[in-house]
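For reference, the structure discussed in these notes is given below.
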Amino acid sequence: MASDTPTPFRYDARLADEIERRWQARWDQQQAFRASNPGEAGFDASRPKFYGLDMFPYPSGAGLHVGHPEGYTATDILCRARRMQGFNVLHPMGWDAIGLPAEQYAVQTGVHPSVTTGKAIDNFRRQLKRFGFSYDWSREFATIDPDYVKWTQWIWLQAYDSWYDRDADRARPIGELMAELDAGTRAPGGAWLGRSWSQMDPQARRDCVDGQRLAYLGQQTVNWCPKLGTVLANEEVIDGRSERGGHPVARLPLKQWMFRITAYADRLLADLALVDWPESTRAMQSEWIGRSEGAEIDFAVHGSGALRVFTTRPDTLFGATYMVVAPEHPLVESALASTSIDGSIRGALRVYVDAARNRSDLERQAEAKVKTGVFTGLEATNPATGERIPVWTADYVLMGYGTGAIMAVPAHDQRDFEFASAFSLPITEVVRMDGVTFDGSRATAGDGVAVNSASAGLTIDGLSTADAKSRVIAWLESTRRGERRVNYRLRDWLFSRQRYWGEPFPIVYDSTGNHYPIKTSALPLTLPDMADYQPIESDTPLPPLGKARAWVETTAGDAGVDPAILPPSTPVRRETNTMPGWAGSCWYELRYCDPRNGHRFVGEEAERYWMGQGIDSRTAGVDLYVGGSEHAVLHLLYARFWHKLLFDLGHVSAPEPFAKLFHQGLITSHAYQRPDKSLVPVDEVEEREGTFVERATGVPVASIVAKMSKSLRNVINPDDVIAEYGADTFRLYEMAMGPLEASKPWNTRDIAGVFRFLQRAWRLCLDEARGVPLLARLPDPAIERALHRTIKKVGDDIDRLAFNTAIAAMIEFVNAATRPTTLANPEDGGLTRDQMERFIQVLAPFAPHLAEEVWARLGHGTLVAHATWPVADQAMLVDSEVEVPVQVLGKLRARIMVPSAIARDAAQLEAYARSHAEVVPLIEGKPIRRVIAVPGKLVNFVV
RNA sequence: GCCGGUGUGGCGGAAUUGGCAGACGCGACGGAUUCAAAAUCCGUUUCCCUUUAAAGGAGUGCAGGUUCGAUUCCUGUCACCGGCACCA
């Protein structure tokens, strides 16, 4: 300790750094935050549990962003408080270790992604530890750890080995399906509907079963870039070319591993009611699932069988004046092949369809304003009217939704209306709406009464939309022309990637293309080491793993296929696609419960305990899950799906993984904008006489709030802030900025405010010259009351994640306790030992290092992190007198002091106020019509 | 276009159930301390008008409404942020 200054114990950056590193090391040595599982030594079953989880980070080479510690600090405060409040707390951290940046770096440099990732993880761990988060580091893992990959692959195999039993509305083992098929208690479904199992050959039986697996090989149209050697996301394709490099991209139907997430659509929707999640996130998931009720209807096509459509408005069947199929619809191919259709029509069809197919979904959307399409040459019969109507093809109908075909009702659907108007197709009004009449200028969508809807077989004229829908569906079902149907926007989940850096699928193929799973005992299946990560240039997708021939080409025995299903000597090829980056994050919350379990993905007892229902949760699961709203749909939907699958198969105990979810707001930054709205980097702007000007030109610029970005040079590095103020100040600053959920701008200038608060708190407790506690001999009653109020306020605010107001309350307390006191001997001001201890206990979750240091200097040999949360005495929260505002006609006219006992009672309060010296002149001589006296709050005279 | 959210001092924000608008912090201004500065401490700080003062008026995006009383509830409207977007 430096002794050349008079105040060696002043709380400055140097001392904060020393204190923080010392306590971090001590917490590590003592494993202070290690949580015991049921059955382990030190586990106390009498305590309630609390599972506080952060969305784990993808450790990028760039290091921690200021957005990471925002949510992490919030959960840390809550977890530290819960620990002090007597909970068993599970608060883990780990790494989402599979991502594109590491693989792209490998392509460029040849450095193995595991090396890059390992370095990034080490850096992230170092940075996170420097914040003093109370993680149980003994539970740390990365999703690429072989021990973790093993169980990711095992869960995938669980899906592979399951099917969805619609009658039971849950997933069941595929073996049970086969047993029922063999026993004849269940008939083949799907494409094999109506076939007899006993008469199907082994290959047909196999295809029938494979087609029902929850992880299945399915056909999907993808954006394939031959030059880059991979499929691309829609967002990565512009004008039919790759965003990177401008190479041509083809839309290609490809066999890929899929998850049958659509089987869970209804439950994923319904169970949103169970969880305590932000309304916006539940709405986004609900929209993403996109449930819509309606009917499927068959239209007879002249010379080509039936065309099935999905509609939510079967009541408008009489108004269907034409049909439209997607350009990819099989009917288009049969029209092109049909010699009975005029050659010029087919020529135009060919041109249109080829153009449409080569356009990505993105381009279709961009050009959505103008409807395009061509006549296919085919005609269908409207089953209700018996009239012949033309079949068109147009790219406003999507192959991926419903049946890829629609009946067009131009009078009551704006899209159909625009198309009919553009191509002069007939329009018939069949719904008369209240208020809005169809006038031929636009479609009238909505409910009303059916009109023009009568024929020999079916009449719905006069029926309300709801009744007409039921009547039409009943007619369709009785005449076998269609049926009631629920459709979802949600599609099955494409789970294959042509990447190297991902979990390999534990599956092999024989020479006929049939697939066989690898048994659990042979897992994990690890990636082969490769020297060359370059994608393979070709016209068909060849994942990089294809280059590892020795790995790909093996035998069933070496691969670990059960000899009962394939002889060990059989030559097999491994799957060369890998799982996407999402895989690891679909179940990590489960692994944290029991991360070293070698026999199971999570121990049953540990899962039941940590993932069970907490005392302040509405449902079982993680008690608080905090992360960015950018994961509102994808990660959170995928994780829920995996969880439900595991639940159905009896591997986990509850239907939802995350009981309560919270999104921290985005931390933005300041940027500057020229008059033409272009942005100027922060370092090119200076302040001159209160206004901001661009340094190079002297032109004034406006200060705005913008995302942190390298180009604006307004990115804040947490390491720099900690070096200047310490981690406690950083934690406190991010929590004091505003409500946790709000997006808020970083303002470096404001950090001084919370830093000064910590300095005052430190100085309130310790002598800056000697580092010893400054203890009052006698408690000041006013401070004692303020302390009880602070304990109550901070505790309540922590419960509702309102850390900004909790910090404000602590600042108020310190300011009050620092002021000269009312005691007879002013030198006795400040806090007594007992008061200081309680204050340090409430401060500890927020500024844990400073709190430990003061705690230790008070003579404690144990950690304040393990101390008991102080209790606010209810009696100390009420003052003997309260200030009550007095209003006349709703306007504030006076403030009077009222004894609490009187203020508690409306009648007494009114009487007291009426006779109060300050109030009498206000109401004197005025007729009082009414008095509103709110106990403890106010008195209002209506004159 | 549809869904969700947000609009409060110079700035970040507070007001938990309809009851004192602006807690707390930043910044600014004034003072104490100091040879001086830094640091620290004390005070003032929504706006407007009149004023020596006391006091008064307006005010939570905008316009209305309900109420003794509205930042809070209702109707309409504007702006911004996020999501979805030819899903039949």
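A, B, ... follow the sequence lines: proteins, then strands. Residue 1 opens every chain. Please read these numbers as outputs of a predicted model, since none were measured by experiment. All heavy atoms count here, side chains included; hydrogens, waters and symmetry mates do not.
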Can you check whether [X] has a side-chain N or O nearer than 4.0 Å to OP1 or OP2 of [N]?
{"X": "A:N804", "N": "B:rA14", "result": "yes"}
{"X": "A:R893", "N": "B:rC20", "result": "no"}
{"X": "A:Q887", "N": "B:rC20", "result": "no"}
{"X": "A:N815", "N": "B:rG25", "result": "yes"}
{"X": "A:R489", "N": "B:rC86", "result": "no"}
{"X": "A:R763", "N": "B:rC41", "result": "yes"}
{"X": "A:T818", "N": "B:rC41", "result": "no"}

For A:P383 against A:D298, the heavy-atom pair lying closest together: CG-O, 4.0 Å
Check whether the side chain of [X] and the base of [N] form a donor-acceptor pair under 3.5 Å.
{"X": "A:K937", "N": "B:rU17", "result": "no"}
{"X": "A:R895", "N": "B:rC20", "result": "yes"}
{"X": "A:N940", "N": "B:rC68", "result": "yes"}
{"X": "A:K371", "N": "B:rC86", "result": "yes"}

Nearest-angstrom distance, C1' atom, B:rU71 to B:rG22: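 Straight-line distance between the two C1' atoms is 11 Å.
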B:rC73 versus B:rU66 - spacing of their C1' atoms, nearest Å: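 Going atom to atom, C1' in each nucleotide, I get 8 Å.
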Sequence neighbours excluded, every pair satisfying salt bridge (charged side-chain N to carboxylate O under 4.0 Å, His left out) that has a member inside residues 396-414 of chain A: A:D413-A:R415
So [X], base contact, sugar-phosphate only, or nothing? Heavy-atom distance under 4.0 Å.
{"X": "A:R491", "answer": "base"}
{"X": "A:Q414", "answer": "nothing"}
{"X": "A:S292", "answer": "sugar-phosphate"}
{"X": "A:R800", "answer": "base"}
{"X": "A:K707", "answer": "nothing"}
{"X": "A:P739", "answer": "sugar-phosphate"}
{"X": "A:I811", "answer": "sugar-phosphate"}

Choosing from [options], which nucleotide comes nearest the side chain of [X]?
{"X": "A:R749", "options": "B:rA14, B:rG27, B:rC20", "value": "B:rG27"}
{"X": "A:M284", "options": "B:rG83, B:rA23, B:rC86", "value": "B:rG83"}
{"X": "A:A283", "options": "B:rC3, B:rC86, B:rA21", "value": "B:rC3"}
{"X": "A:S280", "options": "B:rG4, B:rC20, B:rC86", "value": "B:rG4"}

Nucleotide pairing, RNA chain B (Watson-Crick or G-U, distances under 3.5 Å), in dot-bracket with [ ] and |: (((((((..(((......[....)))((((((.......))))))(((.......)))..(((((..]....))))))))))))....
Heavy-atom neighbours of A:K792 NZ exceed 12 at 6.0 Å: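 Not more than 12 within 6.0 Å, no.
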Proximity of A:Y322 and A:F423 rings by center, below 6.0 Å: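 Not close enough - the centres of the two rings lie 6.0 Å or further apart.
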Aromatic centroids of A:W762 and A:F9 separated by under 6.0 Å: no
Nearest-nucleotide comparison on RNA chain B, the residue closer to the 5′ end among A:N487 and A:H670: A:H670
Residue whose nearest RNA chain B nucleotide is more 5′ - A:W288 or A:F310: A:W288
Side-chain H-bond candidate by donor/acceptor type, A:N487 with A:S292, under 3.5 Å: no
Value rounded to 0.5 Å, distance of CD in A:Q285 from OG in A:S280: 10.5 Å
A:N714 side chain vs A:H670 backbone, donor-acceptor pair below 3.5 Å: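 Side chain of A:N714 to backbone of A:H670, a donor-acceptor pair under 3.5 Å: yes, one is there.
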Parallel, tilted or perpendicular: ring planes of A:W746 versus A:Y733, cut at 30 and 60 degrees: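 Geometry flag for A:Y733 against A:W746: perpendicular rings.
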Syn/anti label of B:rG9 as read from its glycosidic torsion, with the cut at 90° from 0: syn
